[in-house]
Colleague: 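Pasting a structure below so you can have a look.
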Protein chains: 2
Amino acid sequence: MVAWGSAYGGTMAGIRELADHLHLSIGTVSRALNGKPDVNPETRSRVLEAAAALGYVPNQSGRSLRQGTTNAVGFMIESGNDVAGNLDNFFLGVFDGVQIVLSRHHLDLIVLPCSTVEDPHQYLQRMVARRIADALIISATHRKEPRIELLQKAQIPFISLGRSAMPDDYAWLDLDFEGYALRSVDRLVAKGHRRIAVGMPGNDINLGFVFHDAYRAALARHGLAYDPQLVLRAASSDQGGYHIAHDLLTLPDRPTALILIYEFMAVGVYRRLQEEGLAPGKDLAIIGFRESPLASFLTPRLSCFRLSLRDLGVGLGESLLASMPAFADVYPRGIVHKVWPMEFVAGGSDAMDVR
Amino acid sequence: MVAWGSAYGGTMAGIRELADHLHLSIGTVSRALNGKPDVNPETRSRVLEAAAALGYVPNQSGRSLRQGTTNAVGFMIESGNDVAGNLDNFFLGVFDGVQIVLSRHHLDLIVLPCSTVEDPHQYLQRMVARRIADALIISATHRKEPRIELLQKAQIPFISLGRSAMPDDYAWLDLDFEGYALRSVDRLVAKGHRRIAVGMPGNDINLGFVFHDAYRAALARHGLAYDPQLVLRAASSDQGGYHIAHDLLTLPDRPTALILIYEFMAVGVYRRLQEEGLAPGKDLAIIGFRESPLASFLTPRLSCFRLSLRDLGVGLGESLLASMPAFADVYPRGIVHKVWPMEFVAGGSDAMDVR
DNA sequence: AATAGCCTCGTAAACGTTTTCGGCAGCTAT
DNA sequence: ATAGCTGCCGAAAACGTTTACGAGGCTATT
């Protein structure tokens, strides 16, 4: 036998070698491997068997060139993003779920980390021009998000993890920031709180605006006045939380409750309170955002909302497939707009009752 | 003018359209773009100008097919890995540095996250067969690491972030776990500690063994006995740290110091100590591993070692390029074995003096 | 018995690029 | 004036695959 195959570590077998070995034409072999109808069932199994035996894997460049498809989905993240870099990593869990869905359709997930020294829009443009993937997932969407227009213009199927403030003619999936704000305010008001502050980012990441508007609406529903002083802005990090707590403590009529949009801000808040001899959950009611390993290790435990990252990834993957023409037969076509639900987890951080 | 170019959002311009537009052959255009010598400087600038104007970007599949190269470097991570999933994300910083180096050579970094439901070895095998990148970076290397043999057999340039216990005929770059153990023990012994425990993972990630051996050697150097009971093993997470502290507190002759191999274990250790009314740095000297945002927000601050993730990424990228034949002219060839230095940062967590 | 139709397969074009080869000028040196 | 050399460019092959098309053999229908 000739030294075919990857088993020998030499040059990998191509479809040509496979065809010669089987005394078939490469066209037939290709059709057999790709499940095309006009091929004898018996020859098909022969081909499949030989392909497995020789460790044949089709050259991706060849197929890409011919069919204009890469069999890969890209997930762009920003390594410079505060959120991405701090504490419990949100994305790794999501990747897992996305990949589980994609692997069912022989798609691979490749993560595209935009470095801190490059403009995200330019980076994405390069990736699109490179045709690095058949479809893309973007995240950390801003209020005005030029990347969305870019992808629409390039006619690349995509989904955004996070809404923007732009027209809703694209697919997105987002966490339930409205529900978070509403339910948190409801809960705090029920415990007698009337001055409820929020801690959120100062940049134009869209989720901040969604959260802020819902917070304001929730206050109005309870007949509480909206006080701009209670909207505390800082970096999306534990340090940011520290500054938020600091600012809160200097407010004239000190708020009794604080809702944070990122759970890791709570680390800084706890720290600042402890410096002042104040106890979280006793001197200030705190609700974090997402449950994470961190939340359960703060003292007292952080009240927050539970969410399966893997399920979120699965939802993301399925919604993306729904917007890919190639999978129109398996997933119902359509532009998905989905708000992801979360489940409240009570900790001691908002146990404080001021009635 | 015809509707060429991506500006119109239509089908992107190919080298064919570019050549027609310039009244040149595609061969000449290609040579001009790729900096080949036999092309008139004036025509070259004409070509470059037109390419920029039309927004021409070469089709990657076409080039890949012809030259057998992808112009991409893959970085495999395991999303199921405890280390990757917990708290401050180590990898994002490293990505940044790697990309900075790669971009200088028109290479892109793509991250390959192996999902929790797939075997890492199989996953890598698939990526290799797919020829998804020209070179690879692997991480989380175990003691016996089959992925190394796989990559060697496939003749793909690669570097490992982390040593294994296998023959040193591959490139690796690793954090200085020996230095960490030695310097930590030295420091603690100087403060009078004689029973020094370590907290490390129970699996066969190689860094645990490197650390353990150096710890043992450091003890011997000070004439201290090695007590297996002081080697506390638990999951690589904050929860793991909690269990480690718990176990430590039940030891007969309670150790006065603890060296952790992952800084986020400290969160759990602090928590467990506080439950017992014990103070970190006062009742138990603690040294974490790497400085992270977290370390500075623990009370007292965690003593640990500083390290620039970006620089580490740069080193990783450069060492990888050194093993790629295509870049033999720009980086000195050779198999790199590099131990990355770290700088001690004193916190209050090991302030305790027992002399 | 002739023809229409189906099943199976081989042939060859196509995808977009790089690269080898050869050719045509223009120039220099004999 | 001719041979050789250099600089520049066009033609065409090659990369590995998919797929449209057509050819042949066989069965079934008229």
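Every chain is numbered from 1 and lettered A, B, ... according to where its sequence line falls, protein lines coming before strand lines. Computed from a predicted structure; not experimentally measured.
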Colleague: With sequence neighbours left out, what residues match A:Tyr56 under ring-ring contact (aromatic ring centres under 6.0 Å, His included)?
Modeller: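 A:Tyr56: no ring-ring contact (aromatic ring centres under 6.0 Å, His included) contacts found.
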Colleague: Identify whether the distance between the nearest side-chain nitrogen and carboxylate oxygen of A:Lys338 and A:Asp174 falls below 4.0 Å.
Modeller: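 Looking at A:Asp174 together with A:Lys338, the answer is no, because their closest N to O distance does not fall below 4.0 Å.
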Colleague: Hey, could you give me the CG/OG distance between B:Leu136 and B:Ser160, rounded to the nearest 0.5 Å?
Modeller: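 These two atoms lie 11.5 Å from each other.
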Colleague: Tell me the salt bridge (charged side-chain N to carboxylate O under 4.0 Å, His left out) pairs involving residues 136-146 of chain A, sequence neighbours left out?
Modeller: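 Output for this query lists A:Glu145-A:Arg147.
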Colleague: Roughly what angle, to 10°, lies between the helix axis at the start of the helix from C:dA1-D:dT30 to C:dT30-D:dA1 and the one at its end, five pairs per end?
Modeller: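 Computed from the C1' atoms at both ends, the axes differ by 60°.
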Colleague: With A:Phe327, which residues qualify under ring-ring contact (aromatic ring centres under 6.0 Å, His included), at least two apart?
Modeller: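 If we apply the ring-ring contact (aromatic ring centres under 6.0 Å, His included) test to A:Phe327, skipping adjacent residues, the hits are A:His105.
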Colleague: Between D:dG10 atom P and B:Leu22 atom CG, what is the distance in whole Å?
Modeller: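 Those two atoms, CG and P, are 10 Å apart.
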Colleague: Any side-chain N or O of B:Lys36 below 4.0 angstrom from OP1/OP2 of C:dT18?
Modeller: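 So the side chain of B:Lys36 is outside the cut-off, no N or O lying under 4.0 Å from OP1 or OP2 of C:dT18.
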Colleague: Distance-only criterion, 3.5 Å: show the donor-acceptor pairs between side-chain atoms of residues 310-317 of chain B and protein atoms not counting sequence neighbours.
Modeller:
| residue | atom | partner | partner atom | Å |
| --- | --- | --- | --- | --- |
| B:Arg310 | NH2 | A:Thr116 | OG1 | 2.9 |
| B:Arg310 | NH2 | B:Asp96 | OD2 | 3.3 |
| B:Asp311 | OD2 | B:Ser308 | OG | 3.4 |

Colleague: What one-letter contact string describes nucleotides 8-17 of chain C from 5' to 3', where B marks a base within less than 4.0 Å of any protein heavy atom, S marks contact via sugar-phosphate atoms alone, and - marks no contact?
Modeller: BBBB-BBBBB
Colleague: Are there over 12 heavy-atom neighbours, none belonging to B:Arg333, within less than 6.0 Å of that residue's CZ?
Modeller: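 Above 12, so yes.
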Colleague: Give a yes-or-no answer on whether the side chains of B:Tyr170 and B:Ser164 include a donor-acceptor pair shorter than 3.5 Å.
Modeller: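 Yes, side-chain donor-acceptor contact under 3.5 Å.
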